[in-house]
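Notes follow the structure.
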Amino acid sequence: MSEKYDVIVIGSGPAGYVAAIRAAQLGLKTACVEKWSDDKGKVVNGGTCLNVGCIPSKALLDSSHRYHDAHDGFENHGISTGELSIDVPAMIQRKEKIVAQMSGGITGLFKANKVASIFGYGKLLAGKKVEVTDKDGNVTVYDADNVVIATGSVPINIPVASVNPEENTIIVDSTGALEFQEVPKRLGIIGAGVIGLELGSVWARLGSEVVCLEAMDTFLAMMDQQIAKETKKIFTKQGLDIRLSSMVTGSEVKGNEVEVTFNDKEGNEQKETFDKLIVCVGRRPFTQGLFSDDAGVQLDERGFVKVDDNCATDVAGVWAVGDVVRGPMLAHKGSEEGVVVAERIAGQKAMMNYDTIPNVIYTHPEVASVGKTEEQLKAEGVEVNIGTFPFLAIGRAVAADSQDGMVKMIADAKTDRILGCHIVGPSASDLVQQIVIAMEFGSTAEDIGMTVFGHPTFSEAVKEAALSVHGHAIHMPNRKKRK
Ligand SMILES: Cc1cc2nc3c(=O)[nH]c(=O)nc-3n(C[C@H](O)[C@H](O)[C@H](O)COP(=O)(O)OP(=O)(O)OC[C@H]3O[C@@H](n4cnc5c(N)ncnc54)[C@H](O)[C@@H]3O)c2cc1C
């Protein structure tokens, strides 16, 4: 008889590994099952985020930003470098080293917290049994009092531009786009969403001519549209060719190139030829081979594991967290759900606040938001006061050549409580976190306006936007009357 656990987590991405560590911290006997292995057949923990998502993309964004800055940004400071060059394989190797370090870190954390790491493909059977098949086909069945499903997501493949890494490396998904060994001269991207924009930025900064084909007629439709418009303006100035209302209808690999056919805004058929094509049209929950017929867990109509507000499935003692359940597909959302579930299993009453999940695009400048957009609040009929403030009027931003962008703060007109904050600008990812904390504490715009911010900092734009909600911004000519 194989071992019995208090908790078995299936999947070691940011949702699963955090759930496993928190459960072990709470004294529960915990195991985490992971099917991902390296080319030596060793288990790889960390999931999409650490291996082919958040971390490697940020490593390449950082490298390409440094190159771009040296290329275009240094001269203004009186710095000259001589002729610049980029060694793409070295850049990719650096990224791989970072990935290995981070993934190894999870394995170390498992050891330190006494989480048993089980390598193999996990399948939930009836009665909270987990069947694990290892790479040699050996099957072991484990018993658990609680099972946490954290199997994540995979890129969506579309027939008009099908990705098959074994057949070609010209049409790729986000994983393939992190592996290019040279800078593509012309790069096509299907989908101008978060991942497409980040990957497009990496290669555009290194010299690719990038064309983003987006089927929707609105840029970053889920974002506050004032910020989205400002963002599009900045990206276009940087050289990204973003074509909205462009519906791809086909693609054909011809030698070392791919010809993409699409219908433009007017419905006319167009063709473009690229050296590489990245397909970034979204991700879907991954549940392949995960449940036996009698496991009892239900999926919703879009293939997500059905859960309640606390991530409990229809089967008592079976939970699901991260990309495989409803909500934004973000690492920090999954991790927080992992903590909530572990604490609930341990008998605590943890809850997740889905209203304050920050969302970031790690371009340069960054784009970040929390809470509701102006459009959402209008549609809900909520009366709001809005304050905006441009980085152009922030001393630190001017000193750092980072004047592009703005902060937008939205507060309830009756209570002044902050309902949303949307930023495009320098360090937006860190700035927005200030408002995530403020919203968690039920802060008003006035509270932020009355808080002392260090000078000179980028965050002064947050304070000024809060003051601007009531027409008090100091460094802007007031358009509103002082209250
Ligand atoms: C290019 C890119 C950039 C991104 N950047 C960001 C970012 O900057 N910030 C952010 O918040 N999010 C980002 N994301 C999204 C983020 O990676 C995901 O939201 C996050 O990884 C989801 O975590 P998860 O634990 O739910 O699933 P995953 O990370 O997908 O992990 C699931 C794990 O489960 C394993 N698994 C699946 N089925 C089984 C099974 N049956 N048995 C055993 N193991 C199994 C998988 O092998 C995998 O390791 C990015 C994604 C991509 C692709």
Side-chain angles (χ1 to χ4, degrees), residues 8-20 31-38 43-62 95 99 102-103 106 117-124 130-135 147-156 172-179 189 191 193-202 278-292 295 304-305 311 320-338 341 357-363 366-368 429:
I8 295 182
V9 182
I10 306 180
S12 72
Y17 85 72
V18 170
C32 186
V33 182
E34 175 55 61
K35 67 175 173 56
W36 200 318
S37 64
D38 63 16
V43 64
V44 171
N45 290 310
T48 303
C49 170
L50 264 60
N51 294 289
V52 292
C54 322
I55 301 301
S57 59
K58 266 81 250 174
L60 297 188
L61 279 158
D62 193 68
K95 176 225 41 167
V99 165
M102 298 303 293
S103 170
I106 304 303
S117 179
I118 300 174
F119 177 30
Y121 206 106
K123 180 177 194 171
L124 179 72
V130 176
E131 176 192 282
V132 179
T133 307
D134 73 12
K135 65 178 190 315
V147 177
V148 183
I149 306 293
T151 50
S153 63
V154 289
I156 291 174
V172 298
D173 57 19
S174 58
T175 301
L178 298 167
E179 301 293 332
I189 298 181
V194 176
I195 294 176
L197 290 168
E198 289 188 1
L199 294 171
S201 294
V202 166
I278 310 175
V279 182
C280 288
V281 292
R283 298 177 64 81
R284 61 176 175 83
F286 183 76
T287 55
Q288 197 179 311
L290 181 60
F291 300 116
S292 66
F304 290 93
V305 174
C311 297
V321 292
D323 280 9
V324 80
V325 302
R326 83 292 175 257
M329 287 184 164
L330 293 168
H332 43 282
K333 173 261 192 187
S335 296
E336 221 41 54
E337 287 178 335
V341 162
I357 299 172
N359 209 329
V360 180
I361 311 177
Y362 293 85
T363 42
E366 293 175 344
V367 191
S429 58

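Index from 1, following the sequence. Counting starts at 1 for both ligands and their atoms, in listed order.
Of the possible polar contacts, one joining the Thr151 side chain to the Phe286 backbone as a donor-acceptor pair under 3.5 Å is found. At least one donor-acceptor pair closer than 3.5 Å links the side chain of Glu366 to the backbone N or O of Ser429. No donor-acceptor pair under 3.5 Å is formed between the side chain of Ser37 and the backbone N or O of Val43.
Considering both main-chain and side-chain atoms, Asp323 comes within under 3.5 Å of ligand 1 through a nitrogen or oxygen pair. In terms of N/O distances under 3.5 Å, ligand 1 is approached by Ala331. Backbone and side-chain nitrogen or oxygen atoms of Glu34 are examined, and one is located within less than 3.5 angstrom of a nitrogen or oxygen of ligand 1. At least one N/O-N/O distance between Ala15 and ligand 1 falls below 3.5 Å. An N or O contact shorter than 3.5 Å is missing between Arg283 and ligand 1 by distance. Between Val324 and ligand 1, not a single N/O pair is under 3.5 Å apart. Note: no N/O pair closer than 3.5 Å links Ser174 and ligand 1 by distance alone. Considering backbone and side-chain atoms together, Lys35 places an N or O closer than 3.5 Å to an N or O of ligand 1.
In terms of protein heavy-atom proximity, atom 3 (C) of ligand 1 is closest to Gly53 C, 3.4 Å. Nearest protein heavy-atom neighbour of atom 38 (N) of ligand 1: Thr151 CG2, 3.3 Å. At the top of the distance list for atom 34 (O) of ligand 1, counting protein heavy atoms only, stands Gly11 CA, 3.2 Å. Among all non-hydrogen protein atoms, the one lying nearest atom 8 (O) of ligand 1 is Lys58 NZ, 2.6 Å.
In this structure, CD1 on Ile189 lies 11.5 Å from CD1 on Ile195, to the nearest 0.5 angstrom.
Minimum interatomic distance between Pro155 and Asp173 (heavy atoms only, all atoms of both residues): CG-OD2, 3.7 Å. Pairing each heavy atom of Ala31 with each of Ile118, the nearest pair is CB-CD1, 3.7 Å. When every heavy atom of Gln288 is checked against every heavy atom of Tyr121, the shortest pair comes out as O-OH, 2.5 Å. Val44 approaches Ser12 most closely through the heavy-atom pair O-OG, 4.1 Å. In plain terms, the two heavy atoms of Ser153 and Asp323 that are nearest each other are OG-OD2, 2.7 Å. Pairing each heavy atom of Ile156 with each of Val281, the nearest pair is O-CG2, 3.8 Å.
Of the heavy atoms in Cys49, both backbone and side-chain atoms come closer than 4.0 Å to ligand 1. The proximity of Thr48 to ligand 1, defined as any non-hydrogen pair under 4.0 Å, involves the side chain as well as the backbone. Contacts of Ser153 with ligand 1, taken as heavy-atom pairs under 4.0 Å, involve the backbone alone. In Phe286, the part holding a heavy atom less than 4.0 Å from any atom of ligand 1 is the side chain. Neither the backbone nor the side chain of Lys333 comes within contact range of ligand 1; no heavy atom lies under 4.0 Å.
Within ligand 1, counting atoms from 1 as listed, the ones closer than 4.0 Å to a heavy atom of Tyr121 are 41 (N), 42 (N). In the vicinity of Gly47, heavy-atom distances shorter than 4.0 Å reach the ligand 1 atoms 29 (O), 31 (O), 48 (C), 49 (O). Each of the following atoms of ligand 1 lies closer than 4.0 Å to a heavy atom of Tyr362: 8 (O). The contact set between ligand 1 and Val52, taken as ligand atoms under 4.0 Å from a residue heavy atom, comprises 1 (C), 53 (C). Contact atoms of ligand 1 toward Gly120: 42 (N), 43 (C) (distance under 4.0 Å to a heavy atom of the residue). Within the listing of ligand 1, atoms 40 (C), 41 (N), 42 (N), 43 (C) sit less than 4.0 angstrom from a heavy atom of Gly122. Close approach to Gly322 involves these atoms of ligand 1, each under 4.0 Å from a residue heavy atom: 26 (O). Taking every non-hydrogen atom of Val33 and a distance limit under 4.0 Å, the qualifying atoms of ligand 1 come out as 43 (C), 44 (N).
Counting heavy atoms from C-beta on, the side chains of Lys123 and Ser292 come closer than 4.5 Å. Contact annotation: the side chain of Ser201 approaches that of Leu61 to within less than 4.5 Å [non-hydrogen atoms, C-beta and beyond]. Put simply, the side chain of Trp36 reaches to within 4.5 Å of the side chain of Asn51, judged on heavy atoms. The side-chain heavy atoms of Arg326 and Cys311, taken from C-beta on, include a pair separated by under 4.5 Å. Looking at Ser57 and Leu178, their side chains come closer than 4.5 Å, going by heavy atoms from C-beta outward. In this structure, Thr48 and Arg283 have side chains that are in contact, with non-hydrogen atoms separated by less than 4.5 Å.
Among Ser12, Pro14, Ala320, the residue whose heavy atom lies nearest to atom 23 (O) of ligand 1 is Pro14. Nearest-residue assignment for atom 7 (C) of ligand 1 (options Cys54, Gly327, Gly152, Gly334; heavy-atom criterion): Cys54. With atom 15 (C) of ligand 1 as the reference point, the heavy atom nearest to it among Met329, His332, Glu337 is part of Met329.
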